[in-house]
Amino acid sequence: MHVLGIESSCDETACSVVRDGMEILSNVVATSLEEHRRYGGVIPEIASRSHVEWLIPVLEEALSKAELSYREIDLIAATQGPGLPGSLLVGLSAAKALSFAREIPFIGVDHLHAHLYACLMQPGPPSFPFVGMVVSGGHTALFWIEDVHRIRRIAETQDDACGEAFDKVAKILGLGYPGGPEVEKRARAGNPSRFRFPPPRVQEGSLDFSFSGIKTAVLYQVKDLPKPLTEKVVQDLCAGFQETVIQTLSNHALEACRRFKAEALLVGGGVIANQALREALEKRFVKENRQVLFPPKGLSLDNAAMVAGLGYHLYRKGLHSQLDLGVEPLGVN
Ligand code: KG4
Ligand code: ZN
């Protein structure tokens with residue numbers, strides 16, 4: 001079965017053709033990141049306009065790379081949310097129009113679930129159930145995954161998302177956007193013990209996250225330091241901040257696996273590009289005889305292969321969407 005995936009939730013316009021939920025025939029991504037960089041964050045209006053401009057060329061390239069025509073597409077899967085409403089609308093509307101015009105079934109897919117499904121798009125994945133963790137610029141959440149169509153959110157951030165905290169700390173320190181890679185680069189050369197930032201406190205027993213406190217602690221620490229900050233001080237601040245964040249993410253993920261008796265964790269979202277986070281998760285999970293699965297290469301950032309892959313499995317479970325399906329900007333589930 002050939003599934004055409006369409007993804008447009010943020011600043012990437014992506015289309016992909018996937019065979020039977022696993023074999024990626026094409027995976028084309030166009031990004032408007034460069035246009036947002038000078039504003040220090042994604043500007044929704046720029047993102048939407050860029051999707052309008054790029055969707056058709058990306059779609060045509062995805063089909064041509066897969067060497068398929070519309071006639072050979074059996075299902076169209078598009079991201080329904082969560083994401084920027086104006087951006088989501090471009091991809092979702094295109095998917096519906098194609099579905100209607102070509103009489104191809106259509107299904108709306110949750111973007112966060114798709115990020116988690118990406119971890120299973122590699123040979124020999126372990127079987128359900130899993131705990132899932134999404135750490136991106138807009139989301140930080142844990143999921144209990146019993147099957148592709150039975151995914152429940154068990155924790156989320158009460159304030160800033162994890163990537164957002166990286167971006168804000170980078171801004172406080174005068175580093176570039178996106179902040180995550182900038183902070184990671186400095187943290188590598190820094191001493192995490194020089195400035196210590198307390199782990200966030202949430203309600204006793206809760207698996208929820210909170211990142212605005214650490215970000216504010218960095219801000220106050222910077223206010224107390226002589227200016228301009230030396231490169232060494234910036235490195236040590238980054239290392240201290242990153243260490244607390246990594247500790248927090250791994251503690252919560254591990255605790256969720258213990259509580260739900262899950263042997264494996266699926267992780268997705270932009271922040272998992274962070275090498276120190278990957279290593280810490282792997283080390284702690286191996287120690288407890290548990291497994292961490294990351295997305296294979298090319299499927300970590302926003303892409304449509306993960307959308308097509310998950311769409312295939314949902315369809316096989318008997319699910320599909322009607323053409324009146326609306327976008328889900330907040331991603332309630
Ligand atoms: O998933 P993503 O590409 O976009 C959405 O938010 O949907 O995630 C982007 C976020 C940004 O906040 C960025 O700073 C963060 O991921 N990020 C990182 C790293 N690379 C990207 N955070 C920490 N370390 C990194 N190496
Ligand atoms: Zn994403």
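Read the numbers this way: they start at 1 and go in the same order the structure lists the ligands and their atoms.
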Practice prompt. Would you check if there is a donor-acceptor pair between the side chains of Glu7 and Thr79 at a distance under 3.5 Å?
Written response: yes
Worksheet item: Under 6.0 Å from the six-membered ring centre of Phe143 and within 45° of its axis: does the NZ or CZ of Arg152 meet both?
Response: no
Practice prompt. Give the single entry among Ala161, Gly270, Gly268 that approaches atom 21 (C) of ligand 1 most closely by any heavy atom.
Written response: Gly270
Discussion item. Applying a heavy-atom cut-off of 4.0 Å, say which part of Pro181 lies close to ligand 1: side chain, backbone, both or neither.
Written reply: both
Worksheet entry | Heavy atom of the protein closest to atom 15 (C) of ligand 1 (residue, atom name, distance) | Val271 CG2, 4.0 Å
Response to the item:
ligand 1 to Asp167, heavy atom cutoff 4.0 Å, flagged ligand atoms 11 (C), 12 (O), 13 (C), 14 (O)
Discussion item. If the cut-off is 4.0 Å to any non-hydrogen atom of Pro178, which atoms of ligand 1 fall inside it?
Written reply: 13 (C), 14 (O)
Worksheet item: When you check the side-chain N and O atoms of Gln247 and Thr244, is any donor under 3.5 Å from an acceptor?
Response: no
Item to complete: For Gly138, counting its heavy atoms only, list the atoms of ligand 1 lying under 4.0 Å from any of them.
Response: 6 (O)
Worksheet item: Applying the 4.5 Å side-chain criterion to the ILVMFWY set and letting contacts propagate, would Val271 and Leu33 be lumped into a single cluster?
Response: no
Worksheet item: Can a salt bridge be assigned to the pair Lys232 and Asp236 using a cut-off of 4.0 Å between side-chain N and carboxylate O?
Response: yes
Worksheet item: Looking at the Zn ion (ligand 2), which N/O/S atom of Asp302 is the nearest one?
Response: OD1
Worksheet item: Would you say Ile43 and Leu84 are hydrophobically clustered, going by side-chain heavy atoms of ILVMFWY under 4.5 Å?
Response: no
Worksheet entry | Which atom of Ala170 lies closest to which atom of Gly179, heavy atoms considered | CB-CA, 3.4 Å
Worksheet entry | Side-chain touch Leu63/Glu72, heavy atoms, less than 4.5 angstrom | no
Discussion item. Below 2.8 Å, can you find an N, O or S atom of His115 next to the Zn ion (ligand 2)?
Written reply: yes
Worksheet item: Among protein heavy atoms, which sits nearest to atom 24 (N) of ligand 1, and what does the distance come to when rounded to 0.1 Å?
Response: Asn274 ND2, 3.0 Å
Practice prompt. For Gly179, take its heavy atoms, then give the atoms of ligand 1 lying under 4.0 Å from any of them.
Written response: 14 (O)
Worksheet entry | Identity and distance of the protein heavy atom lying nearest atom 18 (C) of ligand 1 | Gly180 CA, 3.4 Å
Worksheet, complete the sentence: Heavy-atom nearest pair, Leu293 first then Gln291, reads CD1-NE2, 4.0 Å
Worksheet item: Has His139 got an N/O/S atom less than 2.8 Å from the Zn ion (ligand 2)?
Response: no
Worksheet, complete the sentence: Under 4.0 Å from one or more heavy atoms of Gly137, ligand 1 contributes atoms 5 (C), 6 (O), 8 (O), 9 (C), 10 (C), 12 (O)
Practice prompt. Could you list the atoms of ligand 1 found under 4.0 angstrom from a heavy atom of Glu184?
Written response: 25 (C), 26 (N)
